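One structure is given below, encoded as structure tokens.
As the structure is a computational prediction, the values presented were derived from the model and not from experiment. Proteins come first, then strands; the chains are lettered A, B, ... in the order of their sequence lines, and each starts at number 1.
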Protein chains: 2
Amino acid sequence: MGMPAEERLGLDIKRAEQELIAAKQIAVRPAGLTVPQYATLYVLADNPGISAAALARACLVTPQAMTVVLKNLETRGLVERTPHPWHGNVLETRLTDTGRIALEEADERAVRIEQAIADELTAEERDTLRSLLRRCGTAIDRASSQL
Amino acid sequence: MGMPAEERLGLDIKRAEQELIAAKQIAVRPAGLTVPQYATLYVLADNPGISAAALARACLVTPQAMTVVLKNLETRGLVERTPHPWHGNVLETRLTDTGRIALEEADERAVRIEQAIADELTAEERDTLRSLLRRCGTAIDRASSQL
DNA sequence: TGACGAGTATCAAAGCTTTGATAATGTGCT
DNA sequence: AGCACATTATCAAAGCTTTGATACTCGTCA
């Protein structure tokens, strides 16, 4: 393999994300939610009536993946989907009261993970991390499109 | 929700990882591999005869997840699993010639993604990013265990 | 009016991942 | 020898994700 594993920053990013998602799983589990479900409800809380496709874009997943998540949430009564008043073919999705309660319970614990990250770094370091990650992202996109 | 979304660094980390994995998918796909399969073969190349459980730890997944990946790789003849010579209950896993070829083909393209990241940042910035991500990781672990 | 393109929803198949539980094997300690 | 412990492998169930394909609706433009 051409490039030494120690120089591959991708592993560091992946590791951080893996630790993050593992911690969030533990955080939101007592509320009866998975991480994708939590993320979906979180976006839904600020965007009532959003379409599943738009929700998928906001959560960085495919529409098909979002369909499955919504199906599970709807079965359990955490969200409700009603036909759009005049625009056929579109289903409006909204939080139910039960869904909002679950979200708040989950967020209360999930936010402690985010708070721990924020507390570990100074404001300047947070900006630096954001900036570096963003530059990685653009570099990745560029390389990917030229692949 | 208690904490503003803009302050949640988790989203930035997740986004970077998502872009990374999407790009790697595109990179390794022509070699007929998925990202988890590529990661598995990559570790396997440097650790012939490793057990599935150890492989799972190296790839940051559960043993069950690794079992599925190995099963798919074995079906397609990219790896072979033989009983450990004297230690029963352990299956040694090794790359086949076909598997090595697939890995090299995949790595040739995947490395361009890593190279793009490395090129985008100075040596000092790479160290900074690594350090910040590591500190995030420890903070996450700490918060998670105190949850 | 009619064609086209964008956005949305859904079915199907394949693969990955996790939790939970069970069983077999090897090692170390008593 | 016998027992506890750690490691390994595996089965089962549930959920997430992706690619690929199909179909419906709406707005725009010719």
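Per the geometry, CD belonging to A/Q64 stands 13 Å off C1' belonging to C/dA14, to the nearest Å. Spacing between atom CD of B/E74 and atom P of D/dA9 amounts to 12 Å, rounded to whole angstrom units. When rounded to the nearest whole Å, the span between CE of B/M66 and C1' of D/dT10 equals 15 Å. For A/L33 and D/dG15, the CG to P distance is 12 Å, given to the nearest whole Å. The NZ atom of A/K14 sits 11 Å away from the C1' atom of C/dC16 (whole-angstrom rounding). Following rounding to the nearest Å, B/E17 (CD) and C/dC16 (C1') show an atom-to-atom distance of 14 Å. Going from atom CG of A/L73 over to atom C1' of D/dG15 covers 11 Å, rounded to whole Å. For the pair B/L70 CG and C/dG15 P, the interatomic distance rounds to 14 Å; values are reported in whole Å.
Taking every side-chain heavy atom of B/T67 into account, D/dT10 is the closest of D/dT10, C/dC11, D/dT19. Distance from the side chain of A/Q25 is smallest to C/dT18 among C/dT18, D/dG20, D/dC16. Of the candidates D/dC16, D/dC11, C/dT17, the closest approach to any side-chain atom of B/V69 belongs to C/dT17. For A/T62, taking side-chain heavy atoms from C-beta onward, the closest of the listed nucleotides D/dT19, D/dC16, C/dC16 is D/dT19. Of the candidates D/dC11, D/dT18, D/dT10, D/dT18 carries the atom nearest the A/V61 side chain, counting heavy atoms from C-beta on. Nearest nucleotide to the A/A65 side chain, out of D/dT18, D/dC16, C/dT19: D/dT18. Closest to the B/S51 side chain, of the nucleotides D/dA9, C/dG15, C/dT8, is D/dA9. Comparing C/dT17, C/dT10, D/dT10 by their nearest atom to the side chain of A/L91 picks out C/dT10. For A/P36, the side-chain atoms get nearest to D/dT17 when compared with the rest of C/dT18, C/dT8, D/dT17.
For the pair B/E120 and B/I117, the minimum side-chain heavy-atom distance is 4.5 Å or more. No side-chain heavy atom of A/T98 sits under 4.5 Å from any side-chain heavy atom of A/I101. The closest side-chain heavy-atom distance from B/R15 to A/L133 is not below 4.5 Å. Taking 4.5 Å as the limit, some side-chain heavy atom of B/L9 sits within range of a side-chain heavy atom of A/L121.
Between B/N72 and C/dC16 there is a side-chain N or O to OP1 or OP2 distance below 4.0 Å. Between A/R57 and the phosphate of C/dT8, there is a side-chain N or O to OP1/OP2 separation shorter than 4.0 Å. A sub-4.0 Å separation between OP1 or OP2 of D/dT8 and a side-chain N or O of B/R81 is absent. OP1 or OP2 of D/dT18 has not a single side-chain nitrogen or oxygen of B/T34 nearer than 4.0 Å.
Judged by distance alone, with hydrogens and angles left aside, the side-chain atoms of B/D107 form no donor-acceptor pair with the main-chain N or O of B/L103 at under 3.5 Å. With A/Q18 contributing its side chain and B/L60 its backbone, the two residues share a donor-acceptor pair below 3.5 Å.
Of the two residues near DNA chain D, B/R29 and A/R76, the one whose nearest nucleotide lies more 5' is A/R76. Comparing A/K71 and A/Q18 by the nucleotide of DNA chain C whose heavy atom lies nearest to each, the residue mapping closer to the 5' end is A/K71.
Counting non-hydrogen atoms under 4.0 angstrom, A/A54 reaches nothing in the nucleic acid. In this structure, A/Q37 reaches the sugar-phosphate backbone alone: every heavy-atom distance under 4.0 Å involves primed, P, OP1 or OP2 atoms, never a base.
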